[in-house]
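For reference, the structure discussed in these notes is given below.
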Protein chains: 2
Amino acid sequence: MKRTKRERQTALKESINDNPFVTDEELSAEFNVSVQTIRLDRMELSIPELRERIKHVAVKTFEDEVKSLPIDEVIGEIIDIELDEKAISIFDVKQEHVFQRNQIARGHHLFAQANSLAVAIMNEELALTVKSELQFLRPVKAGQRIVAKATVIDRQPEKNRAFVKVVSTVDQVTVFIGTFEMYRMTEQSEGEVG
Amino acid sequence: MKRTKRERQTALKESINDNPFVTDEELSAEFNVSVQTIRLDRMELSIPELRERIKHVAVKTFEDEVKSLPIDEVIGEIIDIELDEKAISIFDVKQEHVFQRNQIARGHHLFAQANSLAVAIMNEELALTVKSELQFLRPVKAGQRIVAKATVIDRQPEKNRAFVKVVSTVDQVTVFIGTFEMYRMTEQSEGEVG
DNA sequence: CCCGCTATTAGCACTTGGTACTAATATCAG
DNA sequence: CTGATATTAGTACCAAGTGCTAATAGCGGG
């Protein structure tokens, strides 16, 4: 028997949080109080009923799925692009992109934004990265917005190559520089690199 | 009025597919048939009821969320590690990691595996990537397993630096090489890089 | 010991979005 | 016109609730 109402409600919140699929009846068994008590608790804590909770979770996935379709191809949001010339994308750093320990964005997200912008700028449906050099100049933290600017600095059409430089900034301060050697993939040569 | 039963059922399947949250009543309005007809249709097509559909979607997210928590820190699975010396991780390339057009793994996943292994090998709770040079030697396709081997090739403790080389292979063939200059972050210097 | 208060429990009617089943009616083809 | 298939209607029932009222338990103070 747990004691106070407050204790139970705290535990209840936690319990529902790490299993939103639990019913009032199951909870009443867990805390051995009546179902009505659980209901009252939910009211006070304004926790919605099972179905609403589930729906909430489901809607979230659904939106994520829909959202992730376009995102899948380019990391960050392209806000300006001139094919074969230059392009700009923005990327908002959220909790899921940082190390929990120090809130610093993990390198591969900066890389992903820059690299996918380099792919997008190529005036070619199929482009691959062959080489790249990266400099992580300053740590980026959750909540900051990274603006990546890509420029094509060299073209070697005979070799199916192009060189792209990407500079990423946060509040006008450069945080990352990357140069990418890109390979334009023609249909005949598909799958053959390097 | 749509005509045949078959046509309606095809449309019904599609309708539910791109909005699993629709009720029988709404569907009956959409196809102007009775609710019972919709129910019969669902039976024949063995489409579960609204709540079951929603629950299904919700459970999926839930599992994804739980799964993504450990993955969050290291991309790929570390199978061997000697701190400050060497480490090995494997990463299975799935559909979500490749360009749909050509089934080739996107560069940032190879980078992410290598980079997070470089972070992990550092015998330090807090490590950041300062610079890196990457070579994408061969395209990797969905279904392949990438084995990344990281080695610390140089240490500069006085400068809080270490150099890590990562070689990634698929079936013993090298597909990616990356060198990473890593910064060991001490508590005093936290947040200050470069 | 009783008063008052909060907490808990009980009970009932009602809601949504169904299942399961039966029966009636349409619709069309031979 | 008869049969088969399709559609609609209607009923009872379920889960997991809401919303409401009422009874009871436990305890603290005077």
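Residue numbering restarts at 1 for every chain, and letters A, B, ... go by the order of the sequence lines.
- Summarising the geometry, the separation between CZ on B:Arg39 and P on D:dT8 is reported as 13 Å, rounded to the nearest angstrom.
- Between the side chain of B:Arg51 and the base of C:dG17 there is at least one donor-acceptor pair of N/O atoms closer than 3.5 Å.
- In this entry the distance linking NZ of A:Lys55 with P of C:dG18 reads 10 Å, nearest Å.
- Using a 4.0 Å heavy-atom cutoff across all strands shown, B:Arg53 reaches no nucleic acid atom at all.
- Here D:dT7 presents its C1' atom at 16 Å from CZ of B:Phe31, a figure rounded to the nearest Å.
- Whole-Å rounding puts the A:Ile38 CD1 to D:dA15 P distance at 19 Å.
- Remark: P of D:dA4 and NZ of B:Lys5 are 16 Å apart, rounded to the nearest angstrom.
- Contact annotation: B:Arg8 side-chain N/O to D:dA6 OP1/OP2 distance is not under 4.0 Å.
- Distance, A:Arg42 CZ to C:dT8 C1': 16 Å, rounded to whole Å.
- A:His109 has its ring centre less than 6.0 Å from the ring centre of A:His97.
- Atom CD in A:Glu44 sits roughly 16 Å away from atom C1' in D:dT18 (whole-Å rounding).
- Separating the CD atom of A:Gln36 from the P atom of C:dC12 is a distance of 12 Å, rounded to the nearest angstrom.
- Heavy atoms of A:Val35 sit nowhere under 4.0 angstrom from any nucleic acid atom.
- Note on A:Thr37: a side-chain N or O is less than 4.0 Å away from OP1 or OP2 of C:dT9.
- Under 4.0 angstrom from either OP1 or OP2 of C:dT9 there lies at least one side-chain N or O belonging to A:Ser34.
- Closest to the B:Leu40 side chain, of the nucleotides D:dT7, C:dT9, C:dG18, is D:dT7.
- Residue A:Gln172 places its CD atom among 12 or fewer non-hydrogen atoms of other residues, nucleotides or ligands, all under 6.0 Å distant.
- Environment of CD in A:Glu25: sparse, with no more than 12 heavy atoms of neighbouring residues, nucleotides or ligands closer than 6.0 Å.
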side-chain contact (heavy atoms from CB on, under 4.5 Å) between B:Gln103 and B:Gln95, intermediate numbers included: CA-CA 8 Å; B:Gln103 293 287 302; B:Gln95 276 303 319; 2.9 Å; yes
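- Ionic pairing of B:Arg51 and B:Glu49 is present here: one or more N-O contacts between side-chain nitrogen and carboxylate oxygen are shorter than 4.0 angstrom.
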